[in-house]
Number of protein chains: 2
Amino acid sequence: MTRRGYRQYCATARTLDLVGERWTLLIVRELLTGPKRFKDLGDNLPGIGTGLLAERLKHLEAAGIAHRTRLPPPAGTPVYELTGAGRELEPAVLALARWGRRWAMGDRDEQDAFHPGWAVLGMQAAFDPAAAAGFAATYEFRVGDTTFHARVAGGAVESRMGPAQHPDAVLEADEETFAGLANGRLRMRDAVRDGRARAHGDRAALTKLRSLFPAVVTESRQ
Amino acid sequence: MTRRGYRQYCATARTLDLVGERWTLLIVRELLTGPKRFKDLGDNLPGIGTGLLAERLKHLEAAGIAHRTRLPPPAGTPVYELTGAGRELEPAVLALARWGRRWAMGDRDEQDAFHPGWAVLGMQAAFDPAAAAGFAATYEFRVGDTTFHARVAGGAVESRMGPAQHPDAVLEADEETFAGLANGRLRMRDAVRDGRARAHGDRAALTKLRSLFPAVVTESRQ
DNA sequence: CGGCATCCATTTTGATACTG
DNA sequence: CAGTATCAAAATGGATGCCG
């Protein structure tokens, strides 16, 4: 009856006691890009099953990582949203993503699902603060009918779903191409040159884009 | 038969496919402080059972994260050791530890195990690069009959089990005290003032120590 | 010690049907 | 849509025995 735990007085183990079970960190990943409805969470986590999803959400609430609330009127739809503690899991999730970009991203399998929301985090994981020093710009990304944007400033990046207010540049690509970009298999410049991605807007911002979110693929010359 | 996976083309999910199962990241944590024997791994992971530990180690080998080798002669004991890919999991493990120090470290429960090796990572998670800028020193820590050290230089820290070559300062404390320091529940200065920890060595290095590894506990003044 | 094999009691999970 | 209820299929924990 009592939840299974590692029973170790260790910060890593305690964290895993709270978010280390199957699906939990992926739910956090979903919520990192904004509040979501029960159904949307389920749709982005194929295979989880409503029962387990409900259980995990209850647990995250009990742990103070997420909470159930309602979107402001007139929508009023019930959604789940991260708390402050939950948002602070972002560095850990990004660290895992960074490792995955480097070591776990073979080609995409037919079976593998892909949702543009994941690309948002993929881009954040790819972000190179050094390249962003002393630079500021806002980018908008369009993938099929999904849009998100990234605001670069002060050597940091902030990404969100939805369109940007005044984007300096816009990048447009199909899902497959974007998956490659976000997961480090494809270089921005190659995608644009091949016409798989279309870019427009401020020329300096577009040039900078390539170094802000470097791909992982071997530094093939040229 | 086929391993269970999330089947998502997402860097976070792929990483969790490889290291997200129960015990796996704790095995990585153990190996981050150096190669270990099968038995020592088991001893530091109470409850895992030899079968599951063997299965996890095989999986980590297959994934290229760890490998089985032998200590150089004359010891020759078989040990498990991280590969390059495995060592690169350190940022992710430390990020989880950092979150845990902040949000998951209630008091230690009677039931909770504690091993000094965990403190090594706890200290690394606590490390504040900003405070270390332009500073260099080597510290040795003694907990019961266990010794480890941290070398601070170039705004970074490197910790290892075992004594330091030429420590600038030495900190000595019992296990309970050290657990509190590593997990952020106890401030260095308080532990020293109370006599729960004994420090000696270079005075400047000792003073700096307090800011290099700040505690998490509320900034209660004085 | 290093590890695999086996048996068994519990937990977790996955899939689906069902209710407000 | 949100979430509960239910049941079968894994995964895990613990004990124990074995063999190099």
Side-chain angles (χ1 to χ4, degrees), chain A residues 1-8 13 16-27 30-31 34-63 66-71 73-81 111 113, chain B residues 1-8 13 16-27 30-31 35-63 66-71 73-81 111-113:
Chain A
M1 201 83 329
T2 78
R3 205 175 173 70
R4 186 149 64 183
Y6 291 114
R7 303 214 144 278
Q8 301 183 359
L16 291 174
D17 278 342
L18 292 176
V19 300
E21 288 172 287
R22 190 162 164 78
W23 297 112
T24 306
L25 274 177
L26 292 187
I27 294 172
E30 290 302 315
L31 297 180
K36 288 205 168 42
R37 295 183 305 170
F38 188 90
K39 177 148 201 311
D40 293 329
L41 286 171
D43 290 347
N44 282 0
L45 299 171
I48 192 180
T50 56
L52 194 51
L53 177 55
E55 192 283 327
R56 289 291 190 268
L57 287 169
K58 275 200 172 55
H59 170 65
L60 287 173
E61 283 195 70
H67 68 108
R68 188 180 189 279
T69 180
R70 283 174 186 282
L71 250 29
T77 32
V79 293
Y80 292 88
E81 179 179 46
Q111 307 266 305
Chain B
M1 201 83 328
T2 80
R3 205 174 171 69
R4 186 156 63 182
Y6 291 115
R7 304 216 141 277
Q8 301 183 359
L16 292 174
D17 278 342
L18 291 177
V19 300
E21 288 172 286
R22 188 162 165 79
W23 297 112
T24 307
L25 274 177
L26 292 187
I27 294 171
E30 290 302 315
L31 297 181
K36 289 207 168 39
R37 295 184 306 169
F38 188 90
K39 176 147 201 310
D40 294 329
L41 286 171
D43 290 347
N44 281 359
L45 299 170
I48 192 178
T50 58
L52 195 50
L53 177 55
E55 192 282 327
R56 290 290 190 269
L57 287 168
K58 275 204 170 51
H59 171 65
L60 287 173
E61 282 196 70
H67 68 108
R68 187 178 189 279
T69 180
R70 283 174 186 283
L71 248 32
T77 32
V79 293
Y80 293 88
E81 178 179 49
Q111 307 267 304
D112 290 348

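Predicted, not measured: the structure shown is a model, and the values here were computed from it. Order of the sequence lines fixes the chain letters, A, B, ..., with proteins taken first and strands second; residue numbering starts at 1 for each chain.
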request  = Give a yes or no on whether the backbone of B:Trp23 and the side-chain of A:Tyr6 come within a donor-acceptor separation of less than 3.5 Å.
outcome  = yes
task = Please work out which of the three classes, parallel, tilted or perpendicular, describes the rings of A:Phe38 and A:Tyr80, given edges at 30° and 60°.
result = tilted
note = To the nearest angstrom, the CG-P distance between B:Leu53 and D:dG13 comes to 12 Å
inquiry  = Just the rounded figure in Å: distance from C1' of C:dG3 to CG of B:Leu41.
reply    = 13 Å
Phosphate OP1/OP2 of D:dC1: any A:Lys39 side-chain N/O under 4.0 Å = yes
ask   = Counting only non-hydrogen atoms, which of residues 44-52 of chain B are less than 4.0 Å from DNA chain C?
value = B:Thr50
query = For B:Arg22, does its backbone N or O pair with a side-chain atom of B:Arg56 as donor and acceptor, under 3.5 Å?
reply = yes
key: Phosphate contact (C:dG14 OP1 or OP2) by A:Arg22 side-chain N/O below 4.0 Å   = yes
ask   = Quick one: does B:His59's side chain have a donor or acceptor within less than 3.5 Å of a partner on B:Val19's backbone?
value = no
request  = Give the rounded distance in Å between these two atoms: NE2 of B:His59 and P of D:dA11.
outcome  = 12 Å
remark   = Whole-Å distance, B:Leu16 CG to C:dT13 P, equals 14 Å
task = Give a yes/no on whether any side-chain N or O of B:Arg4 is located under 4.0 angstrom from OP1 or OP2 of C:dG14.
result = yes
query = Looking only at side-chain N and O atoms, does B:Tyr80 come under 4.0 Å of OP1 or OP2 in C:dG3?
reply = yes
ask   = Can you tell me if the side-chain N/O atoms of A:Arg56 get under 4.0 Å from OP1 or OP2 in C:dT13?
value = yes
task = Verify the contact: side-chain N or O of B:Arg68 to OP1 or OP2 of C:dG2, cut-off strictly under 4.0 Å; return yes or no.
result = no
inquiry  = If you compare every side-chain N and O of A:Lys58 against the phosphate oxygens of D:dT4 (OP1, OP2), does one of them come in below 4.0 Å?
reply    = yes
inquiry  = Is any side-chain heavy atom of B:Gln8 closer than 4.5 Å to one of B:Asp17?
reply    = no
ask   = Can you tell me if the side-chain N/O atoms of B:Trp23 get under 4.0 Å from OP1 or OP2 in D:dG13?
value = yes
inquiry  = Let me confirm one number: the CG-CG distance from A:Leu26 to A:Leu31, rounded to the nearest 0.5 Å.
reply    = 11.0 Å
inquiry  = Mind checking if B:Arg70 touches a base, just sugar-phosphate, or nothing, with heavy atoms under 4.0 Å?
reply    = nothing
